[in-house]
> 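Below is the structure I would like to discuss, written out as structure tokens.
Along the sequence shown, residues carry numbers from 1.
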Amino acid sequence: MESLEEITMNNSIINASVTMQGLQQKLDVLANNMANVNTVGYKKKEASFENVLTNTMNQPQGFMKTGRMTSLGLPQGWGAKLVGLQNIMTQGSLKPTDEPYDLAIEGDGLFEVTIPGSNIPAWTRDGAFKLSAYNKVDPATGNVTKAMGLATKDGYFVKDTASNQPIEIAIDPADPTLQNSRVRVDEQGRVVVYNEANPASTGRQVGQIKLVKVINPQLLGEADGNYFRLPANVAQNNVFDVNTNGVTIKQGFLEQSNVDLQQEMSELVMVQRAFQLNSRAISSADTMMGLANNLRG
């Protein structure tokens, strides 16, 4: 039968090893944040932890001394574990680029985009868009024609608020390369195309960029690249608000990552020290168990 000392040393090893696993996951989160410090529109992640288990070890009745204010029993913890990652949606700084297809969001909003060849939506804060060709299907005839739309670097097309389809950038047949066209996006995301070769052109609105307002960022799931998706059991109305009051777009700007490198470095040092402390706790407990076994022999 194990002695009280052996039970305590076993508990120390289990506690430290479980905690080290959680700290390693925290290190991974910090490393990912630091690696994306220059990623456009990236939102930092924060890890949440909780106790794995807490129980009480019985103590002999002799421990109940006169004047003792607490009940008998020795509380024992069994380490901490990672229970979730939270997206921190604070605003990143805006960097001017003067590029017409660079768009930045101010407020708690996201661009809604669609994956080519599917109707699966995704969301992003990365507004470094470009013109990309896609197949436009005429709903009346079924004819397929080539069109130009705003897309991310991965080819995810920006949706139009009304049609839920890619926003088609109107191209003048006399100017198919858009050399004399100018695209203007206002704060509400309305996209207007002007023909600068025609001084009398008043521009044509070709769509409005679809935005959503995030109300529960902790329910957002990560997708490959700088995108968010929803878990299968989460409804959009539990995460997003279609009322985008307070969310605006700035053309010619890109939002920078909201990662504070100094803060991440400070947390990294603290986590590394906690990891080293738990590693030493395992070594010390192992040494003590070895001494106890030698004395018994």
Side-chain angles (χ1 to χ4, degrees), residues 35-44 89-116 121-134 136 146-161 163 165-199 201-214 223-228 244 246-259:
N36 286 283
V37 68
N38 293 319
T39 300
V40 174
Y42 177 80
K43 296 303 174 187
K44 67 174 289 187
M89 302 299 290
T90 55
Q91 181 77 42
S93 61
L94 302 187
K95 178 181 178 182
T97 64
D98 296 325
E99 293 293 332
Y101 304 126
D102 285 347
L103 306 176
I105 293 178
E106 288 187 311
D108 298 328
L110 293 172
F111 297 108
E112 184 166 323
V113 296
T114 185
I115 301 173
W123 296 269
T124 184
R125 291 278 294 200
D126 185 352
F129 299 127
K130 62 180 181 179
L131 283 181
S132 185
Y134 71 97
K136 179 183 177 183
K146 287 290 185 182
M148 299 292 287
L150 286 178
T152 68
K153 63 181 183 299
D154 301 302
Y156 292 14
F157 285 92
V158 180
K159 286 186 177 182
D160 175 54
T161 300
S163 67
Q165 298 296 318
I167 295 178
E168 180 184 0
I169 303 300
I171 300 178
D172 190 324
D175 181 29
T177 61
L178 290 175
Q179 290 181 356
N180 295 316
S181 295
R182 177 169 59 90
V183 176
R184 176 81 175 101
V185 182
D186 67 12
E187 289 188 347
Q188 282 70 47
R190 291 184 287 262
V191 182
V192 180
V193 178
Y194 296 88
N195 182 0
E196 293 190 326
N198 179 10
S201 172
T202 58
R204 290 185 296 169
Q205 182 173 333
V206 297
Q208 183 174 7
I209 293 173
K210 188 172 183 179
L211 298 171
V212 293
K213 187 175 184 178
V214 183
D224 291 339
N226 196 12
Y227 302 97
F228 299 104
T244 57
V247 179
T248 58
I249 292 177
K250 293 199 69 173
Q251 185 179 21
F253 290 81
L254 288 177
E255 182 188 13
Q256 303 303 291
S257 165
N258 66 350
V259 174

> In the structure I gave you, are the side-chain heavy atoms of Gln188 and Ile249 within less than 4.5 Å of one another anywhere?
no

> Would you sort out whether Val191 and Ile169 count as a side-chain contact (heavy atoms from CB on, under 4.5 Å), showing the intermediate values?
CA-CA 8 Å; Val191 182; Ile169 303 300; 4.1 Å; yes

> Is there a side-chain contact (heavy atoms from CB on, under 4.5 Å) between Arg125 and Gln91 once you walk through the steps?
CA-CA 10 Å; Arg125 291 278 294 200; Gln91 181 77 42; 3.4 Å; yes

> As a test of understanding, state which of Arg190, Gln205, Gln251 forms a side chain to side chain contact (heavy atoms under 4.5 Å, CB included) with Arg184.
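Filter result, single survivor: Gln251.
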
> Is any side-chain heavy atom of Thr244 closer than 4.5 Å to one of Val212?
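Not in contact.
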
> Just wondering, do Val185 and Ile209 contact through their side chains at under 4.5 Å, heavy atoms?
yes

> State which residue, out of Leu110, Thr248, Ile105, Thr161, fulfils the side chain to side chain contact (heavy atoms under 4.5 Å, CB included) condition with Leu211.
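Looking at Leu110, Thr248, Ile105, Thr161, the match for Leu211 under the side chain to side chain contact (heavy atoms under 4.5 Å, CB included) is Ile105.
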
> Could you check whether any side-chain heavy atom of Val183 comes within less than 4.5 Å of a side-chain heavy atom of Val192, counting everything from C-beta outward?
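The answer is no, as the side chains (C-beta and beyond) never meet within the 4.5 Å cut-off.
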
> Distance check, rounded to the nearest 0.5 Å: Lys210 atom NZ versus Gln165 atom CD?
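Separation between the atoms: 10.0 Å.
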
> Please round to the nearest 0.5 Å and tell me the distance separating atom CD of Gln208 and atom OG of Ser163.
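Result: 11.0 Å between the selected atoms.
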
> Nearest heavy-atom pair of Ser257 and Val37: which atoms, and what distance?
CB-O, 3.2 Å

> Can a donor-acceptor pair be found, under 3.5 Å and without considering hydrogens, that links the side chain of Asp186 to the backbone of Gly189?
yes

> Rounded to the nearest 0.5 Å, how far does CD of Glu112 lie from NZ of Lys159?
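So the gap between those two atoms works out to 4.0 Å.
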
> In Å, rounded to the nearest 0.5 Å, how long is the span from CG of Asn226 to CG of Asp154?
9.0 Å

> With a 4.5 Å heavy-atom cut-off, do Tyr101 and Leu131 have their side chains touching?
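In contact.
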
> Can you name the nearest heavy-atom pair linking Gly127 to Phe111, along with the distance?
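Heavy-atom minimum between the residues: CA-CE1, 3.9 Å.
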
> What distance do Tyr42 atom OH and Asn258 atom CG have between them, rounded to the nearest 0.5 Å?
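Separation between the atoms: 8.5 Å.
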
> Determine, step by step, whether Thr152 and Tyr227 satisfy the side-chain hydrogen bond (donor to acceptor under 3.5 Å, both in side chains) criterion, reporting the C-alpha distance in whole Å, the side-chain angles of both residues, the deciding distance to 0.1 Å, and the verdict.
CA-CA 10 Å; Thr152 68; Tyr227 302 97; 2.8 Å; yes

> So, for Phe157 and Ala133, which heavy atoms are closest and what is the spacing to 0.1 Å?
CZ-O, 3.5 Å

> Salt bridge (charged side-chain N to carboxylate O under 4.0 Å, His left out) between Lys43 and Glu255: does it pass, once the steps are laid out?
CA-CA 10 Å; Lys43 296 303 174 187; Glu255 182 188 13; 2.6 Å; yes

> Indicate whether any N or O donor in one side chain lies under 3.5 Å from an N or O acceptor in the other, for Thr97 and Asp102.
yes

> Apply side-chain contact (heavy atoms from CB on, under 4.5 Å) to residues Leu94 and Glu106 and explain how you reach the verdict.
CA-CA 9 Å; Leu94 302 187; Glu106 288 187 311; 3.5 Å; yes

> What's the verdict on side-chain contact (heavy atoms from CB on, under 4.5 Å) for Glu168 and Tyr134, showing C-alpha distance, side-chain angles and the deciding distance?
CA-CA 9 Å; Glu168 180 184 0; Tyr134 71 97; 3.5 Å; yes

> Which distance, rounded to the nearest 0.5 Å, do you find between the NZ of Lys153 and the CZ of Phe129?
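So the gap between those two atoms works out to 10.0 Å.
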
